[in-house]
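To find a chain, count down the sequence lines: A is the first, B the second, and so on, and within it residues start at 1.
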Amino acid sequence: MPELPDVEGFRRVLAEHGQGRRIERLRVLDEGVLREVSPRKLAAALEGRRFAEPGRLGKWLIGRTDGPAVLLHFGMTGGLVWHPEPAERHRHDRVVFQLDDGELCYRDMRKLQGLRLADGDAEVDRFLAGEGPDALTMGRRQLAELLDGSRKQLKALLSDQSAVAGLGNLTIDEILWRARLHPTRRADGLSGDETKNLYSQMRWVLRESVRAARVPDGPSWLTGHRERPGEPCPRCGTPLSKGRRAGRGTVWCSRCQPPEGP
DNA sequence: CGTGTTGTTCAGTT
DNA sequence: TAACTGAACAACAC
């Protein structure tokens, strides 16, 4: 689930329910999600602190406090869930922030990623130094320069978090489908118009997805047609193509997205 | 008992 | 060098 739009949703959860609140107690239910920090150290660093305004870069949620910050990454199956007051433990709750008026649960079935502790803004910056510009605020020229400087396939380049931060498998397929670009087109092989169009489709898909806190899967979205085999393209009716591109399960329309462009 | 998965990383190959 | 491939991580669903 968690791509930029989902994480933006988690950021809103943290802003609404965490910001200004005191962390009374930190419970680590599964230390398998802690990265380079022990449960004791994390608890000592965060208990008694108040959450400040949360941030986000790409798929990273930045939980700032009046002291250190906690960085959260949600892998493929994670989420941040708010419970006002008592709630039964979900099987996959891994870390619980007990606040004065409820609790925030870091929940994740698989434990591919997790939580890190950053001592301050400088260390947050250091941890996130490898991330590219955030896809939501990236400029048109910035994207054009990125494309021009790479010979990678579009899907591979857009999946690379050090090139653009926040796009995931679903978002990328959706954007490329709307921009009518084949996933394996070379990044530096796009025309000026194609580049402009890619940018505007990226903006539109992200805007709509952030609003829904997920990539929508309605009838007019490619995302809703990934699973069932042989589904028709929502735009032209051609059966959708599926396969592995850039190492990821990829869906595209062979008619709308010809391999060599128009 | 196989296969696949909305993410990332690393070793190895082209 | 840059780009690409496959495996690994963990916990499921089918």
Side-chain angles (χ1 to χ4, degrees), chain A residues 1-11 28-36 56-61 71-80 89-95 106-116 127-132 134-136 146-177 182-189 202 205-206 208-210 212-218 221-229 231 240-252 259:
Chain A
M1 199 208 301
E3 306 186 23
L4 185 153
D6 310 88
V7 180
E8 185 59 24
F10 304 148
R11 194 189 64 75
V28 177
L29 308 178
D30 185 338
E31 61 181 288
V33 298
L34 301 191
R35 308 293 151 176
E36 294 170 38
R56 182 191 56 76
L57 178 58
K59 298 168 187 171
W60 284 97
L61 177 60
L71 301 182
L72 305 94
H73 195 296
F74 299 91
M76 285 210 279
T77 51
L80 189 67
R89 289 272 169 267
H90 186 281
R91 180 151 58 127
H92 299 129
D93 284 346
R94 311 298 187 185
V95 175
Y106 174 86
R107 181 176 295 177
D108 193 15
M109 183 183 74
R110 298 161 81 178
K111 295 177 282 184
L112 296 178
Q113 300 295 326
L115 280 61
R116 317 188 62 112
F127 279 138
L128 301 181
E131 299 289 306
D134 189 80
L136 195 57
L146 175 70
L147 294 168
D148 272 345
S150 171
R151 305 168 54 150
K152 283 187 185 174
Q153 300 178 351
L154 284 175
K155 174 114 184 186
L157 178 62
L158 298 177
S159 303
D160 181 354
Q161 301 298 300
S162 68
V164 197
L167 303 181
N169 201 32
L170 268 52
T171 324
I172 293 168
D173 283 3
E174 189 72 47
I175 291 167
L176 292 177
W177 175 70
H182 193 280
T184 61
R185 290 275 304 276
R186 247 178 67 161
D188 62 0
M202 179 176 85
V205 167
L206 287 177
E208 295 296 312
S209 302
V210 164
R214 56 176 297 186
V215 186
D217 61 357
W221 288 73
L222 181 69
T223 311
H225 305 267
R226 300 181 68 89
E227 297 303 329
R228 292 176 291 274
E231 280 218 62
L240 292 167
S241 304
K242 291 163 201 203
R244 289 196 89 72
R245 298 293 184 274
R248 313 285 291 152
T250 303
V251 177
W252 72 97

Under 3.5 Å, N/O pairs linking protein and nucleotides 12-14 of chain C:
from   : atom 1 : to      : atom 2 : distance (Å)
C:dC12 : OP1    : A:Arg91 : NH1    : 3.3
C:dC12 : OP1    : A:His92 : NE2    : 2.8

- Message: Test side-chain contact (heavy atoms from CB on, under 4.5 Å) on A:Leu170 and A:Leu222; report intermediate values, then the result.
- Response: CA-CA 9 Å; A:Leu170 268 52; A:Leu222 181 69; over 6 Å; no
- Message: Under 3.5 Å for both pairing distances: what stems, at least three Watson-Crick or G-U pairs long, include DNA chain B?
- Response: B:2-5 with C:11-14, B:7-14 with C:2-9
Under 3.5 Å, which donor-acceptor pairs link side chains of residues 243-250 of chain A to any protein atom two or more places apart or in another chain?
from     : atom 1 : to       : atom 2 : distance (Å)
A:Arg244 : NH2    : A:Gly247 : O      : 3.0
A:Thr250 : OG1    : A:Lys155 : NZ     : 3.1
A:Thr250 : OG1    : A:Arg248 : O      : 2.8

Under 3.5 Å between N/O atoms: give me all the protein pairs with nucleotides 8-14 of chain B, atom names plus distance.
from  : atom 1 : to       : atom 2 : distance (Å)
B:dT8 : OP1    : A:His73  : NE2    : 3.2
B:dT8 : OP2    : A:Lys59  : NZ     : 3.1
B:dT8 : O4'    : A:Gln113 : NE2    : 3.2

For [X], what residues pass the side-chain contact (heavy atoms from CB on, under 4.5 Å) criterion, not counting sequence neighbours?
{"X": "A:Ala213", "result": "A:Arg12"}
{"X": "A:Arg214", "result": "A:Asp6, A:Ala212, A:Asp217"}
{"X": "A:Leu57", "result": "A:Leu128, A:Glu131, A:Asp134"}
{"X": "A:Arg151", "result": "A:Arg186, A:Asp188"}

- Message: Restricting to non-hydrogen atoms, name the atom on A:Gln113 and the atom on A:Tyr106 that form the minimum distance, rounded to 0.1 Å.
- Response: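 Reported closest heavy-atom pair: C-OH, 4.1 Å.
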- Item | A:Arg226 vs A:Asp173, side-chain contact (heavy atoms from CB on, under 4.5 Å): CA-CA, chis, key distance, verdict | CA-CA 10 Å; A:Arg226 300 181 68 89; A:Asp173 283 3; 2.9 Å; yes
Could you state the atom-to-atom distance from [atom1] of [X] to [atom2] of [N] in whole Å?
{"X": "A:Asp173", "N": "B:dG7", "atom1": "CG", "atom2": "P", "result": "10 Å"}
{"X": "A:Arg244", "N": "B:dG7", "atom1": "CZ", "atom2": "P", "result": "12 Å"}
{"X": "A:Glu227", "N": "B:dT3", "atom1": "CD", "atom2": "C1'", "result": "13 Å"}

- Rounded distance in Å between the C1' positions of C:dT1 and B:dT8: 23 Å
Could you run down the sub-3.5 Å N/O contacts of the protein with nucleotides 1-7 of chain C?
from  : atom 1 : to       : atom 2 : distance (Å)
C:dA3 : OP1    : A:Arg151 : N      : 3.0

- Query: Checking side-chain contact (heavy atoms from CB on, under 4.5 Å) for the pair A:Trp60/A:Arg116: CA distance, chi angles, key distance, verdict?
  - Reply: CA-CA 10 Å; A:Trp60 284 97; A:Arg116 317 188 62 112; 3.9 Å; yes
- Item | With A:Phe10 via ring-ring contact (aromatic ring centres under 6.0 Å, His included) - residues at least two apart |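 Listed in chain order: A:Phe74.
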- Task: With sequence neighbours excluded, tell me which residues meet side chain to side chain donor-acceptor pair (under 3.5 Å) with A:Glu227.
- Result: none
- Who passes side chain to side chain donor-acceptor pair (under 3.5 Å) against A:Trp252, sequence neighbours left out?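 Listed in chain order: A:His182.
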- Message: Can you confirm whether A:Val251 sits close enough to A:Trp177 that some side-chain heavy atom of one is under 4.5 Å from a side-chain heavy atom of the other?
- Response: no
